[in-house]
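Here's the structure, in structure tokens; my notes come after.
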Amino acid sequence: MKSFLSFCFLLLVTLVSAISSTGDRLLAVLDDVAEKAGYSKFLGDLESRGFKITYETPKSESLSLFHLGERKYDHVIFFPTKAKGLGPNLTPNLLLQFLNQKGNILLTLSSGTPAATSLVSLLSELDIALPSERTGLVVDHFNHDVVSAADAHDVLLLPVPRPARDDVSDLFAAGAPADTPIAFPRGAGVLLGPGPLLTPIVRAPATAYLYNPKEQAEAVAADELFGAGAQLALVAGAQARNSARLAVVGSAEMLSDKWFDAKVTKVGEKKEVPTYNREFAKRIAGWAFQEIGVLRVNWVEHRLNEAVVGANVSNPEMYRIKNDVTYTISLSQYSWDKWTGFTVPANDDLQLEFSMLSPFHRLHLSPDPAHSTPEATAYTVSFTLPDQHGIFNFKVNYKRPLLTNIEEKNTVSVRHMAHDEWPRSYVISGAWPWIAGIGATVTAWLAFVVVWLFSRPAGERVVLKKTQ
Amino acid sequence: MAPKRANARDITPSSAATTQAGPTTAGTVPAATGSSSTKPHKTSTASLATKDGWEQVVGTVWNHYLEDTPQRTKLIDAFMAFLVVVGALQFLYCVLAGNYPFNAFLAGFGSTVGQFVLTASLRMQTTAANKSDFPAVSPERAFADYIVCSLILHFFCVNFIN
């Protein structure tokens, strides 16, 4: 019944918004609204996916992220702006507040225009560092496009980003044609702090480095180098604990129409190949705006897995120690316009913790086809509760890069054995000698009492008579 | 009965009129110990003498007990000996086979021990020689107490063994 209800609700949700799982109101911040013509294909793709885009300039009086304390937009996209600041409506504090209210931000940099101070402050709040000049140029003398940047070497050709490890889900490269590079023209890179909330999506190749064309035109001193090689993130993602997302794209130009259609040639090759930019732009925007990599917990059920009265109750509040228990959790993943079942990446493990302060059990959850639907995959595990009474949590703590954080906690009490739940002693054959011991004692005592009563001393009566 | 018992007790050390046991024992035991202490090397004769002496001691004590103990006290002693045997068997079983249903062991062993203690109390309170120690407790009263306490003990043990 519960799963049927959630299914109906799910159906309703998909009908209402066939777009991002969190909303369709998108704010695009540009220097000049006319600039949007350069990104017409990117923005057109967004609109065709159902986003309602509002275009604003930072100077606009009407620009405001909030109305009466609620978000006015679900997502914001920042294109490079020439102004140093973004004005009073887009302060770092407001932008963080926007993230805290589960708004998503896509932020683009450019080597030509320094990033606005407001955005630099926002990024440093998230432990993402930009060069002190607020911009820079990433060049690579071995992986550039020989057609458009034969001399400057500032249009990088990057392989499609595969996951760094095979237990991370592949959101950006799945289904990509082989040998189509991403063009990264005249962009900047950022350095990511060590926090677990930050994920580099595209790293610079080992031979790339970032320099400032104005000040370091001749040579880059080693101690003035901001970053080089894989430490530079050209595209990076940050996902807050509330699963609000912020994506940094180092080059705004890679989202432009020009590079969607461009043909590029790698160093040492003659063949001209199309770029992967359009698909990559779709996917990075889709990730930032909660269209892919979004997980949802549909329902959680734990119940007694024993053939006793009351075993058929879902989510009871109390168990007994050493009960056999089954836990099931249903997960869905949002994929562009619909919810699908979530499949845990190969070599990754979805785990259940049964914990009181620290986990007593940490168990592998395996797929349960009996309770799965095309829209949701159920994961289940059956186990025996520990021999310890107290307040326990069933906890699923699944936090992976690029995927929505899942932290599902259900609290139950585990009581000790009641006095009448132990096996009777006569059931245990080892106790029979002691039962016989009690039997012998009681029987002998009865015999003793009877014999005592009939063995009245003969002389007593005489003594009594004498005294009388 | 009480005066008679007290009488016998008084008489025993002084004269051999009522029982032969008292004087014989008194005479033999010092002699035996004396011989063993003075002749430590002649172990065979010494031990023989000691053994004979001990047999005599035990024999006289036993005869004295048989002749001089009231019927009910003998009954109590027999019951207590039975309890010791049953308790020892249960303990032996626990040592050999393990104490798995530990409550069963406690209940079984405890029932014999408890019964032994209660019976010993009954023996103390009904022995005529101890009359002066329990001026307020008649043998009938002692026996009634004994019945009630035993029933409580049995009730507890049967419950505890579950």
Side-chain angles (χ1 to χ4, degrees), chain A residues 306 308-309 319-324 384-389 414-468, chain B residues 1-4 70-76 78-83 85-94 96-116 118-119 122 126 128 139-140 143 146-147 150-151 153-162:
Chain A
E306 289 175 10
V308 294
V309 179
Y319 290 106
R320 200 202 64 207
I321 58 166
K322 294 196 265 187
N323 265 157
D324 288 328
T384 306
L385 298 186
D387 187 1
Q388 169 74 53
H389 66 268
V414 177
R415 64 175 172 83
H416 49 66
M417 299 274 267
H419 77 281
D420 59 350
E421 286 175 325
W422 302 95
R424 293 278 177 184
S425 61
Y426 48 76
V427 179
I428 306 164
S429 58
W432 292 347
W434 293 311
I435 294 175
I438 292 185
T441 308
V442 172
T443 324
W445 176 77
L446 277 174
F448 167 76
V449 167
V450 170
V451 176
W452 173 281
L453 291 175
F454 283 95
S455 70
R456 188 169 193 156
E460 198 170 343
R461 190 175 294 270
V462 183
V463 173
L464 279 170
K465 270 184 182 172
K466 271 184 183 171
T467 48
Q468 281 168 355
Chain B
M1 183 175 173
K4 187 184 171 190
Q71 168 68 23
R72 278 183 165 174
T73 310
K74 279 182 192 164
L75 181 61
I76 288 179
F79 184 47
M80 285 167 76
F82 172 78
L83 289 174
V85 170
V86 173
L89 284 176
Q90 291 185 68
F91 190 77
L92 194 68
Y93 175 76
C94 175
L96 294 179
N99 63 358
Y100 161 47
F102 191 57
N103 65 315
F105 164 68
L106 287 180
F109 189 64
S111 72
T112 52
V113 171
Q115 193 67 67
F116 184 88
L118 291 175
T119 315
L122 177 69
T126 53
E140 288 78 14
F143 188 66
Y146 173 69
I147 298 273
S150 296
L151 285 176
L153 175 73
H154 298 156
F155 178 78
F156 168 78
C157 287
V158 169
N159 269 288
F160 192 69
I161 202 168
N162 190 9

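Every chain is numbered from 1 and lettered A, B, ... according to where its sequence line falls, protein lines coming before strand lines.
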Given that the side chain runs from C-beta out, which part of B/Phe105 has a heavy atom under 4.5 Å from chain A: side chain, backbone, both or neither? both
Are the side chains of B/Cys94 and A/Trp434 in contact, using a 4.5 Å heavy-atom criterion? yes
Distance from B/Gln90 atom CD to A/Ile435 atom CD1, nearest 0.5 Å? 11.0 Å
Heavy-atom neighbours of A/His389 NE2 exceed 12 at 6.0 Å: no
List the atom pairs, donor and acceptor, that lie under 3.5 Å between side-chain atoms in residues 436-449 of chain A and the rest of the protein, sequence neighbours left out.
residue	atom	partner	partner atom	Å
A/Thr441	OG1	A/Gly437	O	2.7
A/Thr443	OG1	A/Gly439	O	2.4
A/Trp445	NE1	B/Tyr146	OH	3.4
A/Trp445	NE1	B/Ser150	OG	3.1

Identify which of B/Tyr100, B/Tyr93, B/Phe109 forms the greatest number of heavy-atom pairs closer than 4.5 Å to chain A. B/Tyr93
By a 4.5 Å heavy-atom criterion (distance strictly below it), what part of B/Ala97 contacts chain A: side chain, backbone, both, or neither? neither
Using every non-hydrogen atom in the two residues, find where B/Arg72 and A/Ser455 come nearest and quote the distance to one decimal. NE-O, 3.2 Å
Residues 155-162 of chain B, side-chain donor-acceptor partners within the protein, below 3.5 Å, at least two apart:
residue	atom	partner	partner atom	Å
B/Asn159	ND2	B/Phe155	O	3.0
B/Asn162	OD1	A/Arg424	NH1	2.7

Top contributor to chain A interface from B/Gly98, B/Ala78, B/Ser111 [non-hydrogen pairs under 4.5 Å]: B/Ser111
Whether over 12 other heavy atoms sit under 6.0 Å from B/Phe143 CZ: yes
Given heavy-atom pairs under 4.5 angstrom as the criterion, report whether the side chain, backbone, both or neither of B/Leu89 touches chain A. neither
Toward chain A, the part of B/Leu153 with a non-hydrogen atom under 4.5 Å: neither
Over all heavy atoms of both residues, which pair between B/Ala104 and A/Ala431 is shortest? Give the atoms and the distance, please. CB-CB, 3.6 Å
Any B/Leu122 side-chain heavy atom under 4.5 Å of A/Trp452 side chain: yes
Can you tell me if NZ on A/Lys322 sees more than 12 non-hydrogen neighbours from other groups inside 6.0 Å? no
